Visitor: 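Questions regarding the structure given below will be posed in turn.
Lettering follows sequence order; numbering is per chain, from 1. Excluded from the calculations below are hydrogen atoms, water molecules and symmetry mates; all remaining heavy atoms, backbone and side chain alike, are included. Note that the structure is a prediction, hence the values are computed from the model and not measured.
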There are 2 protein chains.
Amino acid sequence: MTNTKRSRQREAILEVIQGTKCHPTADWVYSEVRKIIPNISLGTVYRNLSQLSEKGTIQKLHMGTASEHFDGNPNPHYHVCCTQCGKIDDIDAEPFEKFNAWAADMYDGEIFEHYTLFTGKCSQCKSIKF
Amino acid sequence: MTNTKRSRQREAILEVIQGTKCHPTADWVYSEVRKIIPNISLGTVYRNLSQLSEKGTIQKLHMGTASEHFDGNPNPHYHVCCTQCGKIDDIDAEPFEKFNAWAADMYDGEIFEHYTLFTGKCSQCKSIKF
DNA sequence: TTCAATATTGATAACTGTTACTATTATTAT
DNA sequence: ATAATAATAGTAACAGTTATCAATATTGAA
C-alpha cells in the first residue's frame, strides 16, 4: 500500500476541502461530496481525509470538540474559535516562534513545536448590537 | 440538580486526580479509584470528572488524542507532550499574555484566550543516549 | 431521630465518531 | 489485453462517553 492510485472520490474530497474556509468535519465533507458523487461512502471520506493529512496535503485540526476538523491549507497557522457562533477563523500569520523559546526557558526538557487555539469573537458577531 | 450533596465516590475521585501529576484519562482514574472503592462504576467516574471540571475544581485537557485528560490543578498553565514517551509535563508559568495581543493585531475580531500544547522531549528522554 | 426531598450511585443500554473488514471495482504499468 | 493491486461501497465493529433508571445515600427540617 506504499503506492497510490488516483480516484475520482479522493479528488472530489480534496476539491471540497480546498474549496471552503470553514474547517469542516468529515461529516460536512461527506454531505458536500455527495452532491458530486451521490453514492460515495462515509468510510471513503474518512479514509481519504486521513490519507491526505498523513501525506501533508491537508491538515487535521483538534478543536477540543467531539469530532476532528480538517483544513485544506497545509501550512501551519493559528485558528480562532468564536465563542458566540462557533465559527473557526484563520489567523494569517507565520507561527510566533519566540513562544517556543519562552517555553523552553521554563522547561527542563526540549521544546519542538506548539499548537495553539485562540478563542474570541469573530468580526460578524462583534458587530451585532444587543 | 442545582444543589450538590457530598459523596464518598466523588471525594475519592478528587483525591486521585489531585494526587497525581500524570494528567490521567477517565480510565486511569477509574482503575486507581477502584483501589479505594472496588465496586465504583465507570459512569460515576465520568459523571464526577465532568461535574468537577464544570465547577472549575479540576480541568479537562484536550490533547488531540482519542480520550480526554484531566488535571487536578485548575489554574491555567501550559503542557508539553513528549513525542518520545507521551508523558505530559506541566510548564509552571503564568500564561504568556502578550500572545493574545499579538494575535489580536492580525485578526479583525476579538481575542479572549488561547490554549496551547507544546511538543518536545521530556528531561528523562532527553538524557537517554543512543 | 424520623422523615421527606432529592442528589448520587451502580449497572447497563445507547449513542457518536471513527476504523476495520470484505467482496467488488477501478487504476495503472506492462 | 492483462495482471497486479489500490480504492471503493456497504456494513459491522470499536472506543470513549453519555443517558437511563431503579435503588441508595445525603441533607435539612420537623
Visitor: What's the CD-C1' distance between A:Glu54 and C:dT18, to the nearest Å?
Guide: 14 Å
Visitor: Take B:Ile40 and A:Asp27, find for each the nucleotide of DNA chain C with the closest heavy atom, and name the residue whose nucleotide sits nearer the 5' end.
Guide: B:Ile40
Visitor: In whole angstroms, how far is the P atom of D:dT17 from the CH2 atom of B:Trp28?
Guide: 16 Å
Visitor: Think A:Tyr46 has a side-chain N or O under 4.0 angstrom from the OP1 or OP2 of C:dT19?
Guide: no
Visitor: Which comes earlier along DNA chain D counting from the 5' end, the contact point of B:Arg6 or that of B:Thr25, where each point is its nearest nucleotide?
Guide: B:Thr25
Visitor: Kindly assign one of parallel, tilted or perpendicular to the pair A:Trp102 and B:Phe96, based on the angle between their ring planes and the thresholds 30° and 60°.
Guide: tilted
Visitor: Taking atom P of C:dA7 as reference, at what distance in whole Å does atom CZ of B:Arg8 sit?
Guide: 21 Å
Visitor: Is it the case that B:Asp90 and B:His79 place a side-chain donor and acceptor less than 3.5 Å from each other?
Guide: yes
Visitor: Rounded to whole Å, how long is the line connecting atom CZ of B:Arg10 with atom P of D:dT24?
Guide: 20 Å
Visitor: Would you kindly say whether A:Asp92 and A:His77 are connected by a side-chain donor-acceptor distance under 3.5 Å?
Guide: no
Visitor: Check this one for me: any side-chain N or O of B:Asn3 less than 4.0 Å away from OP1 or OP2 of D:dG28?
Guide: no
Visitor: In terms of side-chain heavy atoms, does B:His114 have a donor or acceptor partner in B:Tyr78 at a distance below 3.5 Å?
Guide: yes
Visitor: Which comes earlier along DNA chain D counting from the 5' end, the contact point of B:Leu42 or that of B:Lys5, where each point is its nearest nucleotide?
Guide: B:Leu42
Visitor: Would one find a side-chain N or O of A:Gln9 under 4.0 angstrom from OP1 or OP2 of D:dA9?
Guide: yes
Visitor: Does B:Ser7 place a side-chain N or O at less than 4.0 Å from the phosphate oxygens OP1/OP2 of C:dT9?
Guide: yes
Visitor: Is the shortest side-chain N/O distance from B:Thr44 to OP1 or OP2 of C:dG10 below 4.0 Å?
Guide: yes
Visitor: Just compare C:dT18, D:dA9, D:dT17 and give me whichever is closest to any side-chain atom of B:Ala26.
Guide: D:dT17
Visitor: Can you check the B:His62 NE2 to D:dT17 P distance for me, whole Å?
Guide: 11 Å
Visitor: Mind calculating the distance between CG (B:Asn39) and C1' (D:dA23) to the nearest angstrom?
Guide: 13 Å
Visitor: Can you see which heavy atom on B:Ile58 is nearest to which on B:Gly72, and at what distance?
Guide: CG2-CA, 4.2 Å
Visitor: Roughly, in whole Å, what's the span from CD in B:Gln51 to P in D:dT18?
Guide: 13 Å
Visitor: Take atom CG of A:Asn48 and atom P of D:dA9, then tell me their distance rounded to the nearest Å.
Guide: 9 Å
Visitor: Would you indicate, yes or no, if C:dT19 has its OP1 or OP2 atom less than 4.0 angstrom from a side-chain nitrogen or oxygen of A:Arg47?
Guide: no
